[in-house]
Undergrad: 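First the structure, which I've put down as C-alpha cells, then a few questions once you've had a look.
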Amino acid sequence: MIPRVTRRDVEKFLTTVQRLLSDEKFDIDNDFFLIKSRKNDTEHSTPYTLLSLDYDVYDVISVIKALDVEDFSEIKIDEDDPNPPLLYVFGKIIEDKEVYIKIKCRELDDATQVICVSFHFAAWNMKYMFRK
C-alpha cells in the first residue's frame with residue numbers, strides 16, 4: 001500500500017537528497033547511481049534522454065539538486081527491492097520537454113546512497129501534487 005505523502009515529507013526528502021549531493025564527502029562513484037537500463041520504448045529511456053539533452057551524470061545531479069516541492073508528482077513503492085524504500089517521482093521541463101525523474105535513497109551501514117532510477121522524457125503528461 002502506498003502511503004499518503006505530505007508537502008513536509010517531500011521537503012524532508014529533498015533536503016536529505018540535496019544535502020547528500022552537496023556534501024564535501026560526496027563521492028559520485030560510490031554515493032550516486034544513475035540507472036541506465038533500456039526500455040522497449042527507446043524515446044522514453046534514460047540513455048536516449050541523456051543523449052538527446054547532451055547530459056551526463058553531473059547534469060542529472062544538477063537537476064536533482066534544483067528540484068523543489070512543486071516538481072513533485074507522486075510516490076511509489078520499489079517492488080524490485082526486498083526492503084523497499086519509497087520512490088519519489090518528480091518532473092522538470094528541460095529544453096521544452098517534460099522529464100520524468102524517479103529517485104530514492106538507500107541506507108547502508110556507513111553511508112546513504114542516492115539512486116536515480118529514472119531520468120527520461122515523460123511518456124504522458126505528469127500531474128503535480130503541490131503545484132498551484
Side-chain angles (χ1 to χ4, degrees):
M1 182 174 180
I2 297 175
R4 185 172 175 273
V5 65
T6 66
R7 184 178 190 92
R8 178 73 183 116
D9 295 329
V10 177
E11 287 170 349
K12 184 177 176 185
F13 176 77
L14 282 174
T15 298
T16 299
V17 167
Q18 292 163 347
R19 179 185 47 77
L20 290 166
L21 296 176
S22 299
D23 190 297
E24 64 183 35
K25 295 178 186 172
F26 173 71
D27 176 1
I28 196 167
D29 295 323
N30 294 310
D31 300 333
F32 183 80
F33 293 94
L34 176 60
I35 309 293
K36 295 182 184 177
S37 61
R38 295 190 181 273
K39 300 178 180 181
N40 292 336
D41 181 3
T42 305
E43 185 179 345
H44 301 106
S45 70
T46 298
Y48 177 88
T49 302
L50 294 175
L51 191 60
S52 294
L53 295 172
D54 193 25
Y55 270 29
D56 62 18
V57 69
Y58 295 96
D59 297 305
V60 172
I61 288 171
S62 291
V63 170
I64 292 171
K65 287 166 80 173
L67 290 172
D68 70 27
V69 175
E70 268 119 42
D71 299 319
F72 176 76
S73 179
E74 64 181 313
I75 199 149
K76 296 184 171 216
I77 301 289
D78 187 353
E79 296 173 359
D80 295 331
D81 192 323
N83 208 1
L86 295 176
L87 296 165
Y88 285 75
V89 178
F90 298 87
K92 198 77 169 166
I93 302 298
I94 303 173
E95 295 184 15
D96 297 324
K97 290 189 120 184
E98 191 170 41
V99 177
Y100 178 94
I101 304 161
K102 185 166 42 176
I103 51 182
K104 67 179 178 177
C105 289
R106 180 183 338 173
E107 300 289 331
L108 302 174
D109 290 337
D110 60 344
T112 302
Q113 296 174 327
V114 177
I115 301 158
C116 184
V117 178
S118 300
F119 189 94
H120 57 76
F121 295 129
W124 57 90
N125 288 333
M126 297 176 66
K127 295 179 181 167
Y128 298 93
M129 271 183 75
F130 303 115
R131 234 178 235 177
K132 296 174 183 166

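Residue numbers start at 1 and run along the sequence shown.
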Undergrad: Would you indicate whether Asp54, at its atom CG, is surrounded by more than 12 heavy atoms from other residues, nucleotides or ligands within a distance under 6.0 Å?
TA: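 No.
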Undergrad: Find out whether Ile75 and Val89 are in side-chain contact, i.e. whether some heavy atom of one side chain is under 4.5 Å from a heavy atom of the other.
TA: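 The answer is no; the side chains never approach within 4.5 Å.
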Undergrad: Find the distance between CG (Leu21) and CG (Leu14) and round it off to the nearest 0.5 Å.
TA: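 Reported value, rounded in 0.5 Å steps: 10.5 Å.
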Undergrad: Might you point out which heavy atoms bring Ile101 and Cys116 nearest each other, and give the distance in Å?
TA: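 Here Ile101 and Cys116 meet closest at CG2-SG, 4.4 Å.
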Undergrad: Indicate yes or no: at least one non-hydrogen side-chain atom of Ile94 is less than 4.5 angstrom from one of Leu53.
TA: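 Ile94 reaches Leu53 side chain to side chain.
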Undergrad: Quick one, Phe119 and Ile64 - any side-chain contact, counting heavy atoms below 4.5 Å?
TA: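 Heavy-atom side-chain distance check fails, nothing below 4.5 Å.
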Undergrad: Between Val69 and Met129, does a side-chain contact (heavy atoms from CB on, under 4.5 Å) hold up when you go through it step by step?
TA: CA-CA 9 Å; Val69 175; Met129 271 183 75; over 6 Å; no
Undergrad: Is there a path of hydrophobic side-chain contacts, each under 4.5 Å between heavy atoms, that joins Val99 and Val57?
TA: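 Yes, one cluster joins them.
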Undergrad: Under the salt bridge (Lys or Arg N to Asp or Glu O under 4.0 Å) test, which residues partner Glu74, sequence neighbours left out?
TA: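 Partners of Glu74 under the salt bridge (Lys or Arg N to Asp or Glu O under 4.0 Å) test: none.
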Undergrad: When rounded to the nearest 0.5 angstrom, what distance separates CG in Leu51 from OG1 in Thr46?
TA: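 The distance works out to 12.5 Å.
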Undergrad: Would you check if Ser22 and Lys65 make a side-chain contact, meaning some heavy-atom pair closer than 4.5 Å?
TA: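 Yes, side chains in contact.
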Undergrad: Under 4.0 Å between a side-chain nitrogen and a carboxylate oxygen: does that hold for Lys25 and Asp31?
TA: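 Salt bridge flag = no for Asp31 with Lys25.
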Undergrad: Any side-chain to backbone donor/acceptor pair from Ser73 onto Lys127? Under 3.5 Å, distance only.
TA: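 Judged by distance alone, yes, a pair lies under 3.5 Å.
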Undergrad: Once you measure the plane-to-plane angle for Tyr88 and Phe13, does it fall in the parallel (<30°), tilted (30-60°) or perpendicular (>60°) bin?
TA: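 Rings of Tyr88 and Phe13: parallel, under 30°.
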Undergrad: Do you know the tightest heavy-atom contact between Cys105 and Pro85?
TA: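 The pair with the smallest heavy-atom distance is O-CB, 3.7 Å.
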Undergrad: Would you check if Asp71 and Arg131 make a side-chain contact, meaning some heavy-atom pair closer than 4.5 Å?
TA: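 They are in side-chain contact.
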Undergrad: Check whether any side-chain N or O of Asp56 sits under 3.5 Å from a backbone N or O of Asp59 as a donor-acceptor pair, and report yes or no.
TA: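 Looks like yes, one N/O pair under 3.5 Å.
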Undergrad: Tell me whether Ser52 contacts the main-chain N or O of Thr49 through its side chain, where contact means a donor paired with an acceptor under 3.5 Å.
TA: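 Answer holds: no.
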Undergrad: For the hydrophobic clusters of this structure (ILVMFWY residues joined by side-chain heavy atoms under 4.5 Å, transitively), does one cluster hold both Tyr58 and Leu50?
TA: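 Tyr58 clusters together with Leu50.
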Undergrad: Nearest 0.5 Å please: distance from the CE atom of Met126 over to the OH atom of Tyr128.
TA: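 These two atoms lie 4.5 Å from each other.
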Undergrad: Would Ile28 end up clustered with Val117 when hydrophobic side chains under 4.5 Å apart are linked, directly or stepwise?
TA: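 In one cluster: no.
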Undergrad: Any sub-3.5 Å donor-acceptor pair from Gln113's side-chain atoms to Arg106's backbone N or O?
TA: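 No: the side chain of Gln113 does not pair with the backbone of Arg106.
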Undergrad: Answer yes if Phe90 and Leu87 sit in the same cluster of Ile, Leu, Val, Met, Phe, Trp and Tyr residues linked by side chain heavy atoms under 4.5 Å apart, and no otherwise.
TA: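 Not linked; separate clusters.
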Undergrad: Looking only at heavy atoms, what is the nearest atom pair of Val5 and Phe130, with distance?
TA: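 For Val5 versus Phe130, the nearest heavy atoms are O-CZ, 4.2 Å.
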Undergrad: Nearest 0.5 Å, what's the CZ-CD distance between Phe121 and Glu98?
TA: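 So the gap between those two atoms works out to 11.5 Å.
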Undergrad: Taking the side chain as every heavy atom from C-beta outward, state whether Ile35 and Ile115 have any atom pair closer than 4.5 Å.
TA: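 With C-beta onward as the side chain, the pair touches.
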Undergrad: Report the distance from atom OG1 of Thr6 to atom NZ of Lys12, rounding to the nearest 0.5 Å.
TA: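 Output value for this atom pair is 10.0 Å.
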Undergrad: When the ring planes of Phe32 and Phe26 are compared, do they come out parallel, tilted or perpendicular, using 30° and 60° as the limits?
TA: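 Geometry flag for Phe26 against Phe32: perpendicular rings.
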Undergrad: What distance do Ile61 atom CD1 and Leu20 atom CG have between them, rounded to the nearest 0.5 Å?
TA: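 Between atom CD1 of Ile61 and atom CG of Leu20 there are 11.5 Å.
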Undergrad: Which atoms form the tightest heavy-atom contact between Lys104 and Leu86, and what is the distance?
TA: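 Scanning both residues completely, I find the closest heavy atoms to be CB-O, 3.5 Å.
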Undergrad: Is there a side-chain contact between Glu70 and Arg7 (heavy atoms, below 4.5 Å)?
TA: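 Yes, their side chains come closer than 4.5 Å.
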Undergrad: Could you tell me whether His120 and Tyr100 have their ring centroids closer than 6.0 angstrom?
TA: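 Centroid separation for His120 and Tyr100: below 6.0 Å.
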